[in-house]
Amino acid sequence: MFEEQATKVKITSVVILVGMSSMLAAVVTDHWAVLSPRVDKFNATCEAAHFGLWRLCKKSIFIVEADPQGKGCGPITLPGAKNCSYFKHFTSGEEAEVFEVKTQKEYNISAAAIAIFSLFFMILGTLCVIFSFGKGRDYLLRPAGMFFAFAGLCIIISVEVMRQSVKRMIDSDETIWIEYYYSWSFTCACASFTLLILSGVALLLISMPHMPRNPWETCMDAEPDTLD
């Protein structure tokens, strides 16, 4: 790998590291969306909720006055009794509380599975980048770029599945929530998609063979033919 090429790969690796950190933060946290019921009266308790790929947390909040941000029951950062229920992905029903809305569970299982694929592609891409610094192994930058691009595509698909999940929860008659907004975990997922896609494209461009700046460069570099 040429020195100039190695420098570009190192700069891209920093961007990849930020994208991976954002993606991991989104996957392991449960602040993708905040749900709120209608608040008709004050000096009473209402139940807001926030959820991620793995669990849904309900929080009882005592409302004294209207939320200045207009988000109904909240903000979610107010103190209150909190109760979290894990979605049934791979655990038994006896070991975890299962959220009772069937469609919501199916959406979250799909989003979580896609996010796991994204993590798998990120691991493969990272290994390719590390090994590409070896002598004569710069060809690994091309599959690395593809793996990171695939990881970005997976996470944006997971984001879209979660958006549909929120919409179904708001529209469902089985839930009390009528208002929602996307929180910081959702922002991390969107940021990781952007960074991973850009990094993947950058690695693909870096791995491309050098193109001559002038038409006669190739002719000048070519070895002269020898006459027998």
Pairwise salt bridge (charged side-chain N to carboxylate O under 4.0 Å, His left out) hits with a residue in [range], at least two apart:
{"range": "residues 15-31", "result": "Asp30-Arg55"}
{"range": "residues 119-128", "result": "none"}
{"range": "residues 189-203", "result": "none"}

Scan the side chains in residues 13-25 for donor-acceptor partners under 3.5 Å anywhere in the protein, sequence neighbours excluded, and list what turns up.
{"unit_1": "Ser13", "atom_1": "OG", "unit_2": "Val9", "atom_2": "O", "d": "2.7"}
{"unit_1": "Ser21", "atom_1": "OG", "unit_2": "Leu17", "atom_2": "O", "d": "2.8"}
{"unit_1": "Ser22", "atom_1": "OG", "unit_2": "Val18", "atom_2": "O", "d": "3.0"}

Is Phe117 reachable from Ile157 through a run of hydrophobic residues whose side-chain heavy atoms are each under 4.5 Å from the next?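 No, it is not one cluster - the side chains of Ile157 and Phe117 are not joined through contacts under 4.5 Å.
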
Are Val27 and Phe120 linked, directly or through other ILVMFWY residues, by side chains that come within less than 4.5 angstrom of each other?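 Looking at the clustering, Phe120 is in the same group as Val27.
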
Where do [X] and [Y] come nearest, in terms of heavy atoms and distance?
{"X": "Leu153", "Y": "Phe193", "answer": "N-CD1, 4.5 Å"}
{"X": "Gly125", "Y": "Ala144", "answer": "O-CB, 3.7 Å"}
{"X": "Ser183", "Y": "Val34", "answer": "CB-CG2, 4.1 Å"}
{"X": "Ile155", "Y": "Ala189", "answer": "CG1-O, 4.0 Å"}
{"X": "Met162", "Y": "Phe51", "answer": "CE-CE1, 3.5 Å"}

Tell me, do Val159 and Phe186 make a side-chain contact under 4.5 Å, heavy atoms counted?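 When only atoms from C-beta onward are counted, Phe186 and Val159 do touch, with a gap below 4.5 Å.
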
Residues clustered with Ile123, ILVMFWY side-chain links under 4.5 angstrom: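 Listed partners: Leu127, Phe131, Tyr139, Leu140.
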
Are more than 12 heavy atoms, taken from residues, nucleotides or ligands other than Tyr180, located less than 6.0 Å from that residue's OH atom?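 Open: at most 12 neighbouring heavy atoms sit under 6.0 Å from OH of Tyr180.
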
Quick check for you: to the nearest 0.5 Å, what is the distance between Leu35 atom CG and Lys58 atom NZ?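 That separation rounds to 10.5 Å.
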
What's the separation between atom CZ in Phe148 and atom OG in Ser118, rounded to the nearest 0.5 Å?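 If I round to the nearest 0.5 Å, the distance is 10.0 Å.
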
With Lys10 via side-chain contact (heavy atoms from CB on, under 4.5 Å) - residues at least two apart: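 Here the qualifying residues are Phe133.
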
Taking side-chain hydrogen bond (donor to acceptor under 3.5 Å, both in side chains) as the definition, give me every residue that meets it alongside Glu160, ordered by chain and number, with sequence neighbours left out.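 In terms of side-chain hydrogen bond (donor to acceptor under 3.5 Å, both in side chains), with neighbours along the sequence ignored, Glu160 is linked to Arg163, Gln164.
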
Who are the side-chain hydrogen bond (donor to acceptor under 3.5 Å, both in side chains) partners of Thr29, not counting sequence neighbours?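 For Thr29, the residues satisfying side-chain hydrogen bond (donor to acceptor under 3.5 Å, both in side chains) (neighbours in sequence not counted) are Ser185.
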
Ring pair (Phe, Tyr, Trp, His ring centres under 6.0 Å): pairs with one or both residues in residues 11-33, sequence neighbours excluded: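 For residues 11-33: His31-His50, His31-Trp184.
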
Checking Lys59 now: which residues fulfil salt bridge (charged side-chain N to carboxylate O under 4.0 Å, His left out) with it, not counting sequence neighbours?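 Salt bridge (charged side-chain N to carboxylate O under 4.0 Å, His left out) check on Lys59 returns nothing, list empty.
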
Would you be so kind as to tabulate the donor-acceptor pairs closer than 3.5 Å made by side chains of residues 194-204, with sequence neighbours excluded?
{"unit_1": "Thr194", "atom_1": "OG1", "unit_2": "Cys190", "atom_2": "O", "d": "3.2"}
{"unit_1": "Ser199", "atom_1": "OG", "unit_2": "Leu195", "atom_2": "O", "d": "2.7"}

Please enumerate all residues that pass ring-ring contact (aromatic ring centres under 6.0 Å, His included) together with Phe150, with sequence neighbours excluded.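 Here the qualifying residues are Phe121.
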
